[in-house]
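Shown next, in structure tokens, is the structure this report addresses.
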Amino acid sequence: MPHDRARRVLDRPADARFAAALLGDGLPVAHGFGGIYALTARGDAVRRVNALKGRPLDQTGSVTAPTGRVLDAFDLSALPPAVSPGLVQDVVDAFGALGPFGFRGPAAAHLPVGLTARDGTATTTQVIVPGDACPSQVFLAAAARAAGDLPLAITSANRSRHVTGGLDAPVHWRIDGLRAELGHPGLVFLEHDDEAAARARFPRHTTVSTTILALHRAERSHGRVHLVLERHGSLHVDDVTRVLHGLGLGLVVGERARTRLVPRVYEPVRRDGRVGQGAGR
């Protein structure tokens with residue numbers, strides 16, 4: 001199938017299905033995801049996407065899936081005794097209803113090596129979701145069908161810090177900046193129809209990569225099970241705490257989650273119409 005370079009819009013189901021078909025043919029897709037942009041590809045294309053971003057080729061990728069398929073990536077039999085499959089479903093449903101979020105838990109056996117990582121003695125995988133209300137649900141459902149037996153791999157839409165030399169490489173939330181940084185003939189773009197409206201759809205989230213909660217790590221304190229926050233991203237820790245309390249759970253903030261991610265800052269648009277490449281401060 002030829003690559004169509006015309007503007008494709010996430011909010012148009014026909015465009016979403018077109019991009020999903022290209023993904024099924026092996027091309028990565030840069031697409032709207034909550035209020036930001038992400039890169040999604042077939043699960044056998046992690047090394048290709050890493051090369052596109054300038055990451056180490058063997059760096060582990062994350063998984064994504066449409067609503068209703070999130071738990072497919074986890075081995076629910078390997079959860080801690082205090083964390084039941086039903087509780088995990090409740091946690092995933094609660095955060096998915098609120099907006100973009102990430103979960104790490106025991107990896108299902110069918111996942112390829114490039115989508116799993118060790119955490120102590122456990123083999124884990126990280127699943128990143130855009131939120132139930134995001135138009136990318138149409139794209140992800142079509143992409144999952146196009147990928148067949150392969151899972152969907154996802155990563156942030158940006159050039160790696162290994163290329164930029166910075167301590168961090170904030171994710172893009174404007175399509176002009178993303179195109180300027182990652183424009184490539186082998187990359188499909190599926191953009192938000194209205195970026196301001198996309199951000200307004202999730203008012204409790206900011207324009208950084210998702211907050212991530214560990215499902216495979218649980219601590220009991222004062223009679224309550226506490227899950228561990230592994231990354232403080234788009235959803236504030238106070239909101240995470242509130243949601244978990246509503247499910248009878250507590251929260252422990254991990255060492256790496258004590259500092260929240262910082263959004264990308266764009267420089268003013270130049271006279272030639274291109275945007276500067278300022279990073280988050």
Side-chain angles (χ1 to χ4, degrees), residues 10-11 13 16 31-38 40 62-74 76 79 83-105 108 125-144 151-152 154 156 171 173 190 192-218 224-253 257 260-261 263:
L10 179 68
D11 307 64
H31 61 95
F33 187 91
I36 61 173
Y37 285 92
T40 296
S62 299
V63 175
T64 191
T67 296
R69 297 283 304 276
V70 176
L71 267 60
D72 294 353
F74 297 127
L76 300 179
L79 291 166
V83 182
S84 68
L87 181 59
V88 168
Q89 184 70 70
D90 290 343
V91 170
V92 168
D93 288 348
F95 284 104
L98 201 57
F101 206 78
F103 311 92
R104 188 154 73 105
T125 193
Q126 193 165 270
V127 182
I128 309 296
V129 300
D132 299 346
C134 182
S136 65
Q137 291 288 344
V138 174
F139 165 68
L140 292 177
L152 298 177
I154 191 169
S156 55
V171 67
W173 48 273
L190 186 64
H192 289 298
D193 183 39
D194 183 328
E195 291 174 340
R199 295 191 295 273
R201 189 177 287 119
F202 302 107
R204 306 201 73 83
H205 296 70
T206 190
T207 53
V208 297
S209 296
T210 60
T211 296
I212 296 175
L213 188 67
L215 303 173
H216 66 294
R217 297 165 60 194
R224 172 178 285 181
V225 173
H226 290 61
L227 299 181
V228 178
L229 193 74
E230 292 197 331
R231 184 170 75 191
H232 190 185
S234 59
L235 186 65
H236 195 276
V237 63
D238 291 347
D239 289 308
V240 179
T241 299
R242 176 178 56 81
V243 172
L244 290 180
H245 279 187
L247 297 172
L249 299 168
L251 181 69
V252 173
V253 178
R260 193 179 190 185
L261 299 181

Donor-acceptor check, side chain of Arg231 to backbone of Thr210, threshold 3.5 angstrom: yes or no? yes
Can any side-chain N or O of Ser84 pair as donor or acceptor with the backbone N or O of Leu87 at less than 3.5 Å? yes
Using a 4.5 Å cut-off on heavy atoms from C-beta on, say whether the side chain of Leu235 contacts that of Phe95. yes
Looking only at heavy atoms, the pair that brings Gly233 and Thr211 closest together is N-OG1, 2.8 Å
Working for side-chain contact (heavy atoms from CB on, under 4.5 Å), residues Asp72 and Val63: CA-CA 10 Å; Asp72 294 353; Val63 175; over 6 Å; no
His236 versus His232, closest heavy-atom pair with distance: CA-NE2, 3.5 Å
Please confirm whether the backbone N or O of Gly34 pairs with a side-chain atom of His205, one donor and one acceptor, at under 3.5 Å? no
Nearest heavy-atom pair of Leu71 and Pro85: which atoms, and what distance? CD2-O, 4.4 Å
Within the side chain of Asp193, is there an N or O that forms a donor-acceptor pair under 3.5 Å with the backbone of Asp11? no
Calculate, to the nearest 0.5 Å, the distance between atoms CG and CG belonging to Leu244 and Asp239 respectively. 11.0 Å
Would you sort out whether Thr67 and Gln137 count as a side-chain contact (heavy atoms from CB on, under 4.5 Å), showing the intermediate values? CA-CA 7 Å; Thr67 296; Gln137 291 288 344; 3.1 Å; yes
Roughly how far apart are Phe103 CZ and Leu227 CG, rounded to 0.5 Å? 10.5 Å
So, do Thr206 and Arg260 sit near enough that their side-chain heavy atoms are less than 4.5 Å apart? yes
Indicate the atoms forming the closest heavy-atom contact of Arg201 with Pro135, along with that distance. NH1-CD, 3.3 Å
Please find the pair of heavy atoms, one from Pro100 and one from Ser234, that lie closest to each other, and give the distance. O-OG, 4.0 Å
Do side-chain atoms of His192 reach the backbone of Ile36 as a donor and acceptor pair under 3.5 angstrom? yes
Tell me whether Thr64 contacts the main-chain N or O of Ile128 through its side chain, where contact means a donor paired with an acceptor under 3.5 Å. yes
When rounded to the nearest 0.5 Å, the distance separating OG1 of Thr241 from CG of Leu249 is 11.0 Å
Given side chains that start at C-beta, do those of Phe33 and Ile154 come closer than 4.5 Å, heavy atoms only? yes
Keeping the roles fixed (side chain from His216, backbone from Ala214), state whether a donor-acceptor pair exists under 3.5 Å. no
Leu79 vs Phe74, test: side-chain contact (heavy atoms from CB on, under 4.5 Å). Steps then yes/no. CA-CA 9 Å; Leu79 291 166; Phe74 297 127; over 6 Å; no
Straight-line distance of Thr125 OG1 to Leu215 CG, nearest 0.5 Å: 11.0 Å
So CG of Leu10 and CG of Leu190: to nearest 0.5 Å the spacing works out to 5.0 Å
Would Leu98 and Arg242 satisfy side-chain contact (heavy atoms from CB on, under 4.5 Å), going step by step from the backbone distance to the final call? CA-CA 12 Å; Leu98 201 57; Arg242 176 178 56 81; 4.3 Å; yes
Asp194 and Ala197 have their tightest heavy-atom pair at OD1-N, 3.0 Å
Between CZ on residue Arg217 and CG on residue Leu229, distance to nearest 0.5 Å: 10.0 Å
Within 6.0 angstrom of Arg199 CZ, more than 12 heavy atoms from elsewhere: yes
